Amino acid sequence: MGDDVKEFGITENNGIQTISIIGEIEGHDCLSQNAKTTKYEHLLPLLAKMEQTEAVKGILFLVNTVGGDVSCGLALAEMISSISKPTVSLVIGDSHSIGVPLAVSTNYSFIVPSATMIIHPVRMNGMVLGTPQTYSQFQQIQDRILDFIASHSQAEKKNLEALMMNTSMLSKDLGTVLVGKDAVEQGLIREVGGMNRALDKLNQLIADKEQ
């Protein structure tokens, strides 16, 4: 992978590529230079290159994100889910908001015991018109996110909607915080585990594919 490896924090070992999805998912607008971000326009071509590189046997995604741009985060999640190479995700800190689709987009997913996932309604910055069309647009965006999560995890859409609209947990917002095993119990993540379990599973998926 050459210079791409050095520039974007991607490591390579025995055919396994490791990609960090960290900070905020930067989308169509540039964020502050002081902010830790994952730039989707950089990851998309890298993922395409990995898909076409025979030496890449599998990809491990380390997820610790507060969320970010919805359309760009969803684009990344769709890209990850369409890769033919074995993929595993490991939530190691937070996987909030649009980070949830990213965490479930791989073939198999893990979460460490202390990590959190937050499911909440779509937010929009700037001036918003209080019209039926605006509500319809918000609903469409939420449905896209929920449909993706439901189709790439063991969670049911109806239950996800209930978690998203929960009013009893967050004092200044709607939504639900899931910690470690809670995310597994809700069907979002497959297992509680750390780096060793994630790598073992990825190596298993690679071996199965090569048989």
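We number each residue from 1, following the sequence as shown. Note that the structure is a prediction, hence the values are computed from the model and not measured.
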Between Tyr40 and Met79, does a side chain to side chain contact (heavy atoms under 4.5 Å, CB included) hold up when you go through it step by step?
CA-CA 10 Å; Tyr40 90 109; Met79 185 74 163; over 6 Å; no
For a quick test of reading the model, state the closest non-hydrogen atom pair linking Pro86 to Lys209 and the distance between them.
CD-CD, 3.6 Å
Heavy-atom distance under 4.5 Å between the side chains of Leu47 and Ile80, does that happen here?
yes
Between Met164 and Leu146, does the side chain to side chain contact (heavy atoms under 4.5 Å, CB included) criterion hold? Intermediate values first, please.
CA-CA 9 Å; Met164 179 179 280; Leu146 293 175; 3.7 Å; yes
Taking Gly67's backbone N and O only, do any of them form a donor-acceptor pair with Thr65's side chain (distance below 3.5 Å, no angle check)?
yes
Can you find a pair of side-chain heavy atoms, one from Ile19 and one from Leu62, that are under 4.5 Å apart?
no
Could you grab the distance from atom CG of Asp143 to atom CD of Glu161, nearest 0.5 Å is fine?
6.5 Å
Using the side chain to side chain contact (heavy atoms under 4.5 Å, CB included) rule, take Ser109 and Ile111 through it: C-alpha gap first, then chi angles, then the decisive distance, then the call.
CA-CA 7 Å; Ser109 56; Ile111 187 170; over 6 Å; no
Is Gln204 atom CD crowded by more than 12 heavy atoms from other residues, nucleotides or ligands, each under 6.0 Å away?
yes
With a 4.5 Å cut-off on side-chain heavy-atom distances among I, L, V, M, F, W and Y, is there a chain of contacts connecting Val66 to Ile21?
no
Beyond-backbone contact of Val88 with Phe110, side-chain heavy atoms, under 4.5 angstrom:
yes
Could you grab the distance from atom CD1 of Ile25 to atom CG of Leu102, nearest 0.5 Å is fine?
5.5 Å
Identify the heavy atoms of Phe148 and Ser81 that sit nearest to each other, and give their distance.
CE1-OG, 4.0 Å
Among the clusters formed by ILVMFWY side chains lying less than 4.5 Å apart, do Ile22 and Leu44 turn up in the same one?
no
Taking every heavy atom of Val91 against every heavy atom of Ser95, the minimum-distance pair comes out as CG1-CB, 3.7 Å
When rounded to the nearest 0.5 Å, the distance separating CG of Leu74 from CG of Asp69 is 10.0 Å
Heavy atoms, side chains only, cut-off 4.5 Å: are Gln17 and Leu60 in contact?
no
Are the side chains of Val70 and Ile145 in contact, using a 4.5 Å heavy-atom criterion?
yes
Worked check of side-chain hydrogen bond (donor to acceptor under 3.5 Å, both in side chains) between Thr116 and His96
CA-CA 7 Å; Thr116 64; His96 297 174; 2.9 Å; yes
Examine distances only and state if a side-chain atom of Thr176 and a backbone atom of Leu163 form a donor-acceptor pair shorter than 3.5 Å.
yes
Quick one: pull up CZ in Arg197 and NZ in Lys201 and give me the separation to the nearest 0.5 Å.
7.5 Å
Determine whether Val179 and Ser114 make a side-chain contact, defined as any pair of heavy atoms from C-beta on separated by less than 4.5 Å.
no
Just verifying a value: how many Å separate Leu188 CG and Asn159 CG, rounded to the nearest 0.5 Å?
8.5 Å
If I compare all heavy atoms of Ile59 with all of Met50, which pair ends up nearest, and what's the gap?
CD1-SD, 3.7 Å
Run the side-chain hydrogen bond (donor to acceptor under 3.5 Å, both in side chains) check on Ser84 and Glu51 step by step: do they pass?
CA-CA 7 Å; Ser84 65; Glu51 172 69 7; 2.7 Å; yes
Met117 and Ile189, any side-chain heavy atoms less than 4.5 Å apart
yes
Considering non-hydrogen atoms only, spot the tightest contact between Val184 and Arg190 and give its length.
CG1-O, 3.7 Å
Is there a side chain to side chain contact (heavy atoms under 4.5 Å, CB included) between Ile118 and Val100 once you walk through the steps?
CA-CA 8 Å; Ile118 295 182; Val100 176; over 6 Å; no
Distance (rounded to the nearest 0.5 Å) between Glu41 CD and Leu46 CG
11.0 Å
Heavy atoms of Ser153 and Gly187 approach each other most closely as CB-O, 3.4 Å
Between the side chain of Asn64 and the main-chain N/O of Asp94, is any donor-acceptor distance below 3.5 Å?
yes
So does Lys49 get a backbone contact from the side chain of Thr53, meaning a donor-acceptor N/O pair under 3.5 Å?
yes
Are Thr106 and Thr87 close enough that a side-chain donor and a side-chain acceptor fall under 3.5 Å?
no
So do Thr18 and Phe61 actually touch side chain to side chain, heavy atoms under 4.5 Å?
no
